[in-house]
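Structure, as structure tokens:
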Amino acid sequence: MDAQNLVVIGSGPAGVSAARAYREAGGTGPVHLLTADADPPYERPPLSKDFLRGEADLPPLEEGFPAKHEVTVTLGDPVTELGDGRVRTASGAVHRFTTCVLATGSEPVRPGIPGADHPDVRTLRSAADSRELRAAASGVRSAIVVGAGFISCEAAVSLSRLGLQVTIICPDDVPQEKRLGREAGGFLLHWLKSEGVSVLRGTKLLSIEGGYRVRTDLVPILDTGLVVLATGVRPRVELAEAAGLAVEQGRIRTDEHLRTSVPGVLAAGDVALAYNPAAGRALAVEHWGEGLAMGEVAGRTAAGEDAVWDEVPGFWSVIGDRVLKYAAWGDGFDSAHPLRRDDGGFTVWYERDGKAVGVLTREADEDYERGQELVRRGDPVPGS
């Protein structure tokens with residue numbers, strides 16, 4: 001299917017990668033990328049790290065992207081309607097397409113508790129969010145970060161390095177306990193404490209009063225200068241649902257070529273529940289690298305290639321100065337096997353039904369690279 005007129009909705013890694021891959025695969029039709037974001041396509045990982053701390057400018061996702069790939073980019077004009085080979089934006093503009101790639105990404109979830117929707121309660125997803133959070137942090141002495149995922153850990157360390165007294169409200173006994181296991185969560189806990197971040201473990205958020213007073217089941221009242229919610233994301237599927245695309249588990253269902261249930265429409269990135277033949281099942285992933293990989297498959301599919309998404313999903317996280325590398329199918333494990341290294345690094349192997357399903361490393365790149373292949377093949381974990 002060589003798209004004679006390609007429309008890409010979304011300017012994150014999946015959208016930009018799709019447009020670029022379409023051109024690189026020989027696609028010659030006009031390409032129009034539409035986004036609700038007011039900023040040109042940018043790298044998102046720094047939003048919780050050096051960009052939040054004001055130590056670096058926000059790098060573009062690709063220098064000279066529109067001109068280099070002959071892509072027309074429209075900023076700040078969200079798509080409101082999709083169907084019958086065309087899309088309509090909030091401004092009323094109509095763009096016809098032969099093929100459309102939905103790369104609408106995700107939005108932060110605010111928990112259903114009193115006060116979570118207060119305008120002074122921050123979330124972190126976009127460049128605008130990061131700028132607003134940095135500005136808000138400049139005038140206060142303390143912050144509470146709700147949630148203990150990677151974004152919350154990265155942001156908490158950044159705020160601590162900006163001079164704030166930072167407390168994380170962690171729902172489990174250690175950060176990421178359900179996802180990474182208890183020992184790996186213990187490493188994260190130690191790193192946070194070494195950066196001056198306090199962690200309230202096994203704690204449930206009950207309410208936020210006036211944007212700055214937090215109530216929990218462990219500590220009745222916590223007054224702070226800043227509250228940041230890092231409580232998960234929700235894929236933006238409203239456009240797809242209205243257009244009649246098949247949606248499962250809150251995501252757009254696709255095959256391994258990223259094709260949706262509607263001919264001529266593909267989906268990539270956070271918003272997709274894509275079949276992965278190496279895994280033998282559909283996977284939901286929310287990683288930057290997977291946005292790039294899935295976008296490339298969608299773009300090449302649009303250009304007529306037989307591209308397949310069959311990689312093992314993975315990502316890197318930088319918490320302070322410590323780099324974690326993780327690759328896994330992402331849908332659970334039976335047991336975790338941690339191995340410490342003399343140089344302070346470590347590897348955690350994740351196993352299910354006698355097969356390797358994930359690997360987490362710090363300063364053990366050879367295990368990370370080896371682990372990706374073991375997971376892909378479904379081999380036993382080393383030493384088992």
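Computed from a predicted structure; not experimentally measured.
- Partner of Arg362 under the side-chain contact (heavy atoms from CB on, under 4.5 Å) criterion, out of Thr347, Asp367, Leu324: Leu324 alone.
- Taking 4.0 Å as the cut-off between side-chain N and carboxylate O, Arg86 and Asp84 do not count as a salt-bridged pair.
- Counting non-hydrogen atoms of other residues, nucleotides and ligands closer than 6.0 Å to CD of Glu366 gives a total above 12.
- Salt bridge annotation for Asp321-Arg161: present, with a cationic side-chain nitrogen under 4.0 angstrom from a carboxylate oxygen.
- For CH2 of Trp316, the number of neighbouring non-hydrogen atoms (other residues, nucleotides, ligands) closer than 6.0 Å is 12 at most.
- The distance from the CD atom of Glu238 to the CD atom of Glu107 is 6.0 Å, given to the nearest 0.5 Å.
- Between the side chains of Ser91 and Asp77, at least one donor-acceptor pair of N or O atoms lies under 3.5 Å.
- The main-chain N or O of Ser142 is found under 3.5 Å from a side-chain atom of Thr224 such that the two form a donor-acceptor pair.
- One finds no salt bridge joining Asp129 and Arg122 here, because no Lys/Arg side-chain nitrogen approaches an Asp/Glu carboxylate oxygen to under 4.0 Å.
- Considering CD of Glu24 and CD of Glu305, their distance stands at 10.0 Å, rounded to 0.5 Å.
- A salt bridge does not link Asp270 to Arg236: none of the charged nitrogens lies less than 4.0 Å from a carboxylate oxygen.
- The aromatic ring centres of Phe315 and Phe150 sit less than 6.0 Å apart.
- Judged by distance alone, the side chain of Glu290 and the main-chain N or O of Gly314 form a donor-acceptor pair under 3.5 Å.
- Both Leu180 and Trp191 sit in one connected hydrophobic cluster of ILVMFWY residues. Membership requires side-chain heavy atoms under 4.5 Å apart, directly or through other members.
- With rounding to the nearest 0.5 angstrom, the OG atom of Ser317 is 7.5 Å from the CD1 atom of Ile151.
- Inter-residue side-chain proximity for Val359 and Tyr350 is flagged as unmet; no heavy-atom pair is nearer than 4.5 Å.
- Considering all non-hydrogen atoms of both residues, Leu192 and Pro175 come closest at CD1-CG, 4.0 Å.
- Remark: Leu61 CG to Tyr42 OH distance equals 10.0 Å, nearest 0.5 Å.
- Between Thr260 and Thr254, the side chains place no donor N or O within less than 3.5 Å of an acceptor N or O (distance only, hydrogens not considered).
- The local environment of CD in Gln165 is sparse, with at most 12 non-hydrogen atoms from other residues, nucleotides or ligands closer than 6.0 Å.
- Atom-to-atom distance recorded for Arg201:CZ and Ile168:CD1 is 12.5 Å, nearest 0.5 angstrom.
- Arg377 has a carboxylate O that lies under 4.0 Å from a charged side-chain N of Glu373, or vice versa, which qualifies the two as a salt bridge.
- Using a 4.0 Å cut-off between charged nitrogen and carboxylate oxygen, Glu62 and Arg20 count as a salt-bridge pair.
- Leu229 shares a hydrophobic cluster with Ile113, Val121, Ile144, Val146, Ile169, Leu200, Leu205, Ile208, Val214, Leu218, Val219, Leu222, Val227; the chain of contacts runs through ILVMFWY side chains whose heavy atoms sit under 4.5 Å apart.
- Checked for salt-bridge contact, Asp223 and Arg213 meet the test: a charged N lies under 4.0 Å from a carboxylate O.
- At least one donor-acceptor pair under 3.5 Å links the side chain of Arg23 to the backbone N or O of Gly27.
- For Lys178 and Asp172, the salt-bridge test passes: some basic side-chain N is under 4.0 Å from an acidic carboxylate O.
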Verdict with supporting geometry, Val297 and Val308, side-chain contact (heavy atoms from CB on, under 4.5 Å)
CA-CA 6 Å; Val297 171; Val308 173; 5.7 Å; no
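- The residues Arg300 and Glu296 are annotated as salt-bridged, a charged nitrogen and a carboxylate oxygen being separated by less than 4.0 angstrom.
- Around atom CG of Asp343, more than 12 heavy atoms belonging to other residues, nucleotides or ligands sit under 6.0 Å away.
- Within the 3.5 Å criterion, the main-chain N or O of Val109 finds a donor-acceptor partner in the side chain of Thr231.
- One finds a salt bridge joining Lys325 and Asp365 here, because a Lys/Arg side-chain nitrogen approaches an Asp/Glu carboxylate oxygen to under 4.0 Å.
- Partner of Glu286 under the salt bridge (Lys or Arg N to Asp or Glu O under 4.0 Å) criterion, out of Arg179, Arg251, Arg125, Arg44: Arg251 alone.
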Stepwise, does the salt bridge (charged side-chain N to carboxylate O under 4.0 Å, His left out) test hold for Asp173 with Arg182?
CA-CA 8 Å; Asp173 191 50; Arg182 184 170 183 82; 2.5 Å; yes
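- Hydrophobic cluster membership differs between Met294 and Tyr275, with clusters built from Ile, Leu, Val, Met, Phe, Trp and Tyr side chains linked at under 4.5 angstrom.
- Listed for the His118 side chain is a donor-acceptor partner under 3.5 Å among the backbone atoms of Asp120.
- In terms of hydrophobic clustering, with Ile, Leu, Val, Met, Phe, Trp and Tyr side chains grouped at heavy-atom distances under 4.5 Å, Leu133 and Leu47 are assigned to a common cluster.
- Hydrophobic clustering (side-chain heavy atoms under 4.5 Å, transitive across Ile, Leu, Val, Met, Phe, Trp, Tyr) keeps Tyr212 apart from Leu206.
- Distance OG/Ser207 to CD/Glu209: 5.0 Å, rounded to 0.5 Å.
- No single ILVMFWY cluster, assembled from side-chain heavy atoms under 4.5 Å apart, contains both Val262 and Val247.
- Side-chain N or O atoms of Asp334 include one that pairs as donor or acceptor with a backbone N or O of Asp353 at under 3.5 Å.
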